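Since the structure comes first, as structure tokens, the remarks are kept for the end.
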2 protein chains.
Amino acid sequence: MRGNIPAATVARLPLYLRSLVEVAASQRTCSSEEIALLAGVNPAQVRKDLSYLDPPGVRGVGYKTAPLRDLLRRELGLTRNLRVAIAGAGNLGRALASYPGFADGGFEIVALLDTDEAKVGEMINSVVVSSMRDLERIIRDEGVDIGVIATSATAAQSVVDRFVSAGVQSILNFAPAVLKVDDRVHVRRVDLSTELQILAYHQSPTFE
Amino acid sequence: MRGNIPAATVARLPLYLRSLVEVAASQRTCSSEEIALLAGVNPAQVRKDLSYLDPPGVRGVGYKTAPLRDLLRRELGLTRNLRVAIAGAGNLGRALASYPGFADGGFEIVALLDTDEAKVGEMINSVVVSSMRDLERIIRDEGVDIGVIATSATAAQSVVDRFVSAGVQSILNFAPAVLKVDDRVHVRRVDLSTELQILAYHQSPTFE
DNA sequence: TAGATTGTTAATCGATTAACAATC
DNA sequence: TAGATTGTTAATCGATTAACAATC
């Protein structure tokens, strides 16, 4: 049942989970149509996506809200309290370390690393900045599951190489760079300037 | 020629542009294979995508680097110096205001808004924080093209409604919420906790 | 039973890519 | 001319969604 869920479906599961958390407060069951409305997708899409997970759905009634929410949490691995290290304690790294959505989702920021020794020892949202030199030791000692790259584009590749060598298999990359990694490593790219440029396209004078 | 470019193609243009800026320093021409390697996509994809733009390609030789770079800049609308307002001067809003990739891409942050009057007047990267109450006036006076939502999820919908009413047609949403807007408005969602949750999926014990 | 909604199939849609003719 | 690489077609692949049988 696992491992063959399409990537596009996996990417929508967090959206469904958010919708269910919202609905769970007031309803014991909810329909694919309600979930779809909150998630901004097609109801058939919701049913198809959920069907991969053997969901607690009852024909003619809907999905049992709380059990479906819990199923999604389990499937996404959010019951495991994953440990996150952030490389780069610049403005972005600091903002990420303080981002409430991370802690809410069961993620724990266990390290914030920077090459600037002047920043080492500084406290940001109850995480102490460590030296980038200690990256390997920290990953091992802290049992880091996920690495976040909030460094410059030039530093990004070497940092990700060190993360991967030390055993980190999941990377969230905020640096404006395309990282080259082993096929087994999962990289997700969040590229702020790319996003703005895509919006800029729709602003072009010739458009519409 | 414009307006019928597939969304998936548009989303890759910034990646090609970045590759070309890199290559332009040392090469007068470059092949689809070189661009593909740097952008992390298939060479046929590159040729197909560029073919929508009537590119400066020469069979047997490659694309003329500088003209192609400039064409991409024009197509993306980066020659227009677009004006950006950021709603929310929390950690994320501040980090965005200071993000070098924005200024580099020809985007100008012209406003940073917050409901907290204590923050009003504060200076962040040469932008003064304004009161959220003045949103409509600022959008008009400053000629804002793109709105960035860096508020809480609860405030996001009302802020985007005000942006849209005031004439902003392009929105970059960092709030963990699905915004409901008119079809003509372009919204791009950057959801940090969703990205982490997708990575978490690949960390699940049952996976692989 | 009538009404509702899931689960699933099959059709549609769109995006990716292999292949190759055009041509520098 | 031989070699290279674009531009484009057609095949493939995968994702979305309409439709409906199953069933509460």
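Proteins come first, then strands; the chains are lettered A, B, ... in the order of their sequence lines, and each starts at number 1. Keep in mind it's a predicted model, so treat the numbers as computed, not measured.
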Nearest-Å distance, [atom1] ([X]) to [atom2] ([N])?
X	N	atom1	atom2	answer
Ile35(A)	dT5(C)	CD1	P	12 Å
Leu68(A)	dT5(C)	CG	P	16 Å
Gln45(A)	dT6(C)	CD	P	15 Å
Glu33(A)	dT17(D)	CD	C1'	14 Å
Lys48(A)	dA19(D)	NZ	P	16 Å
Tyr52(A)	dT6(C)	OH	P	17 Å
Asn4(A)	dC13(D)	CG	P	18 Å
Asn42(A)	dT6(C)	CG	P	13 Å

[X], nearest nucleotide to its side chain (from [options]):
X	options	value
Pro6(B)	dA15(C), dG7(C), dA18(C)	dA15(C)
Arg59(B)	dT23(D), dA22(C), dT16(C)	dA22(C)
Ala44(B)	dT16(D), dA18(C), dG7(D)	dA18(C)
Val58(B)	dT17(C), dC24(C), dT16(D)	dC24(C)
Arg12(A)	dT16(D), dT8(D), dG7(C)	dT16(D)

Sugar-phosphate only, base, or nothing, as touched by Ser32(B) at under 4.0 Å among non-hydrogen atoms: sugar-phosphate
Sugar-phosphate only, base, or nothing, as touched by Pro43(B) at under 4.0 Å among non-hydrogen atoms: nothing
Check: Gln197(A) side chain, Gly105(B) main-chain N or O, donor-acceptor pair, under 3.5 Å: no
Backbone N/O of Ala97(A) and side chain of Asn125(A): donor-acceptor pair under 3.5 Å: yes
Assigned partner base of dA15(D), Watson-Crick or wobble definition, under 3.5 Å: dT12(C)
Watson-Crick or G-U counterpart of dC20(D), or none if no pair lies under 3.5 Å: dG7(C)
Note, Tyr99(A) side chain near Leu192(B) side chain (heavy atom, < 4.5 Å): yes
N-O pairing of Arg18(A) and Asp191(B) below 4.0 Å: yes
Whether His202(B) and His186(A) hold their rings parallel, tilted or perpendicular, with breakpoints at 30° and 60°: parallel
Check: dG7(C) base within 3.5 Å donor-acceptor of Arg47(A) side chain: yes
Residue-phosphate contact under 4.0 Å: Tyr63(B) side-chain N/O, dT5(D) OP1/OP2: no
